[in-house]
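Worksheet for the structure shown next.
In what follows, chains are A, B, ... by sequence order, proteins preceding strands, each numbered from 1.
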Amino acid sequence: MMKPEQWLSEALAKTLNELYGNIGANPLVIQPTRKDVEGDFTLVCFGLTKLSGKSPAQTAEDIGVNFCNTNPEADSFNVANGFLNISLTFEFWITYLNQFSPQASEPDLNVPPVMIEYSSPNTNKPLHLGHVRNNLLGAAVANIVSASGKKVIKVNLVNDRGIHICKSMLAWQNSGKNETPESSGIKGDHLAGKYYVEFDKSLKIQAEPILNKVLSADFSDLDEKQSLKATAILEKYNTSTDDKKEELKGELKLISNSAAPLMKEAAEMLRRWEAGDEATIQLWKTMNGWVYQGFDVTYKRLGVSFDKIYYESETYLLGKELVENGVNSGVLYRKDDGSVWIDLTAEGLDHKLLLRSDGTSVYMTQDLGTALLRAEEYKAGNYVYVVGNEQDYHFKVLKLILQKLGYSWANGIFHLSYGMVDLPTGKMKSREGTVVDADDLIDEVIAEAKKKSEELGKTETSSAEELAALYERIGMAALKYFILKVDPKKRMVFNPEESIDINGNTGPFIQYSYARIQSVIRKSKGVVDNQYDVKQIENEPSHRTLIRTLEQYHETIQAAANGYNPSLVANYAYELAKQFNHFYHEFSILKEENKQLAAFRLELATKTGETLKCAMGLLGIEMPEKM
RNA sequence: GGUCCCGUAGCUCAGUUGGAUAGAGCAACAGCCUUCUAAGCUGUGGGUCUUUGGUUCGAAUCCAAACGGGAUCACCA
């Protein structure tokens with residue numbers, strides 16, 4: 001059976017052809033009829049007046065008459081303000097319901113796969129709220145794209161090397177006293193984070209006096225290069241406004257930091273790491289191992305997984321060859337000091353550095369190399385990077401460079417740029433200790449789910465294990481739904497209290513609707529027969545509304561996949577659950593005396609339940625059979 | 001300063017290629033459990049869609065400018 005909207009579009013085109021001759025490729029504007037107006041679909045007729053030569057209302061009237069006369073599926077029509085509202089027969093809708101299924105078809109292997117990179121953590125500290133949004137988005141987008149019929153490859157690029165890791169390592173070496181996750185009982189990623197914070201503290205103690213000296217033009221702690229830079233900044237600083245001063249002070253702080261002995265030690269450690277020093281590598285492996293153990297726990301709790309994990313320690317040298325080729329082909333240029341650049345001024349951007357004068361690579365070089373590696377390995381059609389919007393510029397440049405270098409697959413690069421997560425009190429700042437830790441947050445939402453469930457007294461019927469699993473489902477549903485219902489590209493405010501709400505537009509509300517449906521289905525066994533005659537069922541608005549909403553499911557998934565936007569799925573599920581609750585309140589299924597009608601309603605409820613489960617499943621939210 | 005993103009109810013958010021009287025939830029107030037799970041349902045109040053101009057049958061949506069918020073512009077990643 002064809003999709004109603006598609007069928008209608010073709011049938012209306014036929015009608016228009018009969019009335020006005022060849023209408024050409026003029027796309028018809030068809031939309032679901034708004035709630036307060038009678039009808040299933042609405043044809044907007046303003047654009048058709050040129051064809052008909054009549055007023056919008058008269059045009060709509062003519063089309064309506066002809067359409068209803070020639071199509072038995074059409075029930076009636078009405079015209080309002082130039083909108084033609086068409087009602088299809090209820091029988092048509094029931095027949096549609098009979099064959100409806102929310103199940104996704106198998107991915108089409110002839111279509112190039114879609115690669116989705118997300119998570120991409122640093123291994124020096126535990127995951128926080130920002131990572132939570134990233135991970136949930138990435139996992140949901142992967143599910144949705146897969147459900148839309150494309151094969152998906154989920155990729156994680158772990159940033160496991162660099163100066164930030166060395167900071168943790170150094171602090172542990174200096175003051176760790178051989179503390180391990182086992183000896184301390186601290187989760188591995190949190191332990192590494194603890195020493196990262198410790199490093200920062202010690203560094204601050206060293207760097208502050210240096211900064212103060214620099215501010216009074218005493219550069220005795222700086223080397224030649226740093227002094228030069230500081231002099232220039234200080235000059236500006238003394239003549240700047242307060243706003244600008246803060247900014248320049250930040251730059252001076254960076255210089256002071258790098259002049260501190262501890263920072264030099266960390267840099268030295270990084271050099272040893274790159275040189276392959278055995279003891280350094282060993283320490284690095286050990287601490288990263290702790291972090292991975294910790295991440296695995298958090299990933300599992302979040303319900304995210306990956307098909308392929310890349311480590312930056314294995315990819316950070318890539319890209320140099322690509323850059324050399326670019327120089328040879330003239331797309332890139334080399335300065336006298338040996339550094340390599342690309343000129344993007346024609347595109348309204350700047351010159352961008354791709355290789356340092358000492359020949360080492362920068363962030364961009366690595367990303368270029370990694371992109372090439374993946375393209376060769378997987379030959380995907382699309383490469384989606386789930387990365388925060390503070391890197392908009394980076395990805396714009398990345399795509400542009402690859403395109404300029406002549407890689408056609410670069411056209412498939414898409415930066416899924418999501419907004420930051422703010423707290424009601426303002427921005428999260430690690431230095432001020434206002435970051436929300438991912439593990440704490442998960443514990444909190446589950447504890448809150450438990451508390452609320454106990455308050456409602458819904459705890460008698462199940463075992464302790466079942467209840468624990470249920471609380472986890474409810475808590476995680478609250479958290480995931482709260483984050484995923486917001487358009488990814490928008491900055492959002494995360495209120496910890498609202499995130500664990502269970503009433504209204506929330507995950508638990510949708511779970512509750514589902515649990516009610518399952519309860520009805522369980523109780524229907526032996527009471528309601530599944531067979532009914534389509535012709536025997538009478539039209540009822542809230543039944544019809546539900547079917548019409550079910551009909552939008554696949555379209556919603558497609559739109560969400562095309563726009564990489566899980567919020568469309570979340571909002572759809574909410575709308576569907578709300579409509580079901582309305583229906584549930586208005587009609588009884590099991591107590592309906594007309595058995596035909598009861599059977600029909602049961603099917604309607606069952607299909608609604610399946611659809612809710614599928615939609616929420618795409619968001620990584622599990623549905624409980626009881627709650 | 002250049003570039004990019006955002007601005008919808010007290011708060012958090014929907015509003016898919018321009019379509020009819022701009023919608024939900026939370027919060028507030030008022031109802032509904034002898035009836036398939038009240039984590040629910042129904043109702044009331046709440047809006048200059050930041051502002052101004054433009055495009056047209058028609059603008060929250062497109063264009064321009066202003067205002068407000070944010071990001072970014074490293075031989076850091």
Side-chain angles (χ1 to χ4, degrees), chain A residues 27 29 31 33-37 42 44 46-47 49 55-56 80-83 85 122 159 161-164 251 254 258 312 316 337 339 341 348-350 352-358 360-364 366-367 388-394 396 417 419-420 422 424 427 449 452-453 455-456 458 474 482 485-487 489-495 497-499 501-506 508-513 515-524 527-528 555-556 559-560 562-563 565 567-568 570-571 574-575 578 581-582 584-592 601-602 605 626-627:
Chain A
V29 185
Q31 48 204 213
T33 302
R34 43 180 294 159
K35 275 181 208 147
D36 49 345
V37 176
T42 296
V44 182
F46 295 99
T49 52
S55 71
N81 308 327
F83 296 91
N85 304 309
N122 292 349
N159 188 3
R161 65 163 282 283
I163 192 76
H164 50 285
E251 287 179 43
L254 278 182
S258 53
E312 207 190 273
Y316 82 108
D337 64 3
S339 58
W341 299 73
L349 306 171
D350 292 325
K352 184 85 189 168
L353 176 86
L354 295 179
L355 273 187
R356 295 193 187 99
S357 45
D358 64 4
T360 57
S361 50
V362 292
Y363 178 40
M364 182 60 79
Q366 298 168 28
D367 259 15
N389 63 8
E390 70 271 16
Q391 294 198 37
D392 284 356
Y393 179 73
H394 174 78
K396 200 170 165 183
S417 159
M420 300 204 144
D422 291 329
K427 276 175 80 164
K452 296 235 162 98
S453 297
E455 275 167 19
L456 289 166
K458 302 214 174 196
I474 295 172
F482 187 87
K485 76 174 173 184
V486 181
D487 187 337
K489 68 171 185 283
K490 288 199 178 173
R491 177 178 254 273
M492 68 177 287
V493 175
F494 184 88
N495 186 333
E497 279 157 31
E498 281 176 24
S499 74
D501 264 356
I502 53 174
N503 302 322
N505 189 358
T506 66
F509 166 84
I510 299 168
Q511 288 181 315
Y512 178 71
S513 310
R516 276 177 146 182
I517 292 171
Q518 299 318 303
S519 171
V520 171
I521 293 172
R522 279 193 300 273
K523 289 182 178 166
S524 72
V527 182
V528 178
E555 243 171 276
T556 304
N562 292 339
N565 185 355
S567 76
L568 298 179
N571 286 306
Y574 174 60
E575 184 64 29
K578 219 168 42 153
N581 281 327
H582 180 78
Y584 180 90
H585 185 256
E586 196 176 357
F587 300 103
S588 178
I589 297 166
L590 302 179
K591 300 210 162 64
E592 173 57 47
R601 285 184 189 153
L602 184 63
K626 292 179 197 172
M627 71 184 274

Report all interatomic pairs (protein N or O, nucleotide N or O of nucleotides 71-75 of chain B) with separations under 3.5 Å.
{"from": "B:A71", "atom 1": "OP1", "to": "A:Lys427", "atom 2": "NZ", "distance (Å)": "2.1"}
{"from": "B:C73", "atom 1": "O2'", "to": "A:Asp350", "atom 2": "OD2", "distance (Å)": "3.2"}
{"from": "B:C75", "atom 1": "O3'", "to": "A:Arg356", "atom 2": "NE", "distance (Å)": "3.3"}
{"from": "B:C75", "atom 1": "O2", "to": "A:Ser357", "atom 2": "N", "distance (Å)": "3.3"}
{"from": "B:C75", "atom 1": "O2", "to": "A:Ser357", "atom 2": "OG", "distance (Å)": "3.3"}
{"from": "B:C75", "atom 1": "N3", "to": "A:Ser357", "atom 2": "OG", "distance (Å)": "3.0"}
{"from": "B:C75", "atom 1": "N4", "to": "A:Asp337", "atom 2": "OD2", "distance (Å)": "2.4"}

* **Residue-phosphate contact under 4.0 Å: A:Tyr363 side-chain N/O, B:A77 OP1/OP2** => no
* Asked: To the nearest angstrom, how far is A:His585 atom NE2 from B:G31 atom C1'?
  -> 11 Å
* To do: Give a yes/no on whether any side-chain N or O of A:His582 is located under 4.0 angstrom from OP1 or OP2 of B:U42.
  => yes
* **A:Ser513: partners by side-chain hydrogen bond (donor to acceptor under 3.5 Å, both in side chains), with sequence neighbours left out** => A:Asn581
* Asked: Quick one: the side chain of A:Lys458 and the base of B:A39, do they pair up donor-acceptor inside 3.5 Å?
  -> yes
* Using whole Å, report how far NZ of A:Lys490 lies from P of B:C13. => 9 Å
Please produce a list of atom pairs where a protein N or O lies less than 3.5 Å from an N or O of nucleotides 21-29 of chain B.
{"from": "B:A24", "atom 1": "O2'", "to": "A:Tyr574", "atom 2": "OH", "distance (Å)": "2.9"}
{"from": "B:G25", "atom 1": "O2'", "to": "A:Asn505", "atom 2": "N", "distance (Å)": "3.3"}

* To do: Just jot down the salt bridge (charged side-chain N to carboxylate O under 4.0 Å, His left out) partners of A:Lys490, sequence neighbours excluded, or say none.
  => none
* Short side-chain N/O contact from A:Ser519 to OP1 or OP2 of B:C36, under 4.0 Å -> no
* Asked: Can you give the dot-bracket line for RNA chain B, where a pair is Watson-Crick or G-U wobble with both atom distances under 3.5 Å, crossing pairs use [ ], and | marks a partner on another strand?
  -> (((((((..((((.....[...)))).(((((.......))))).....(((((..]....))))))))))))....
* Mind checking salt bridge (charged side-chain N to carboxylate O under 4.0 Å, His left out) for A:Arg161 and listing every partner two or more places apart, or none if nothing turns up? => A:Glu274, A:Glu312
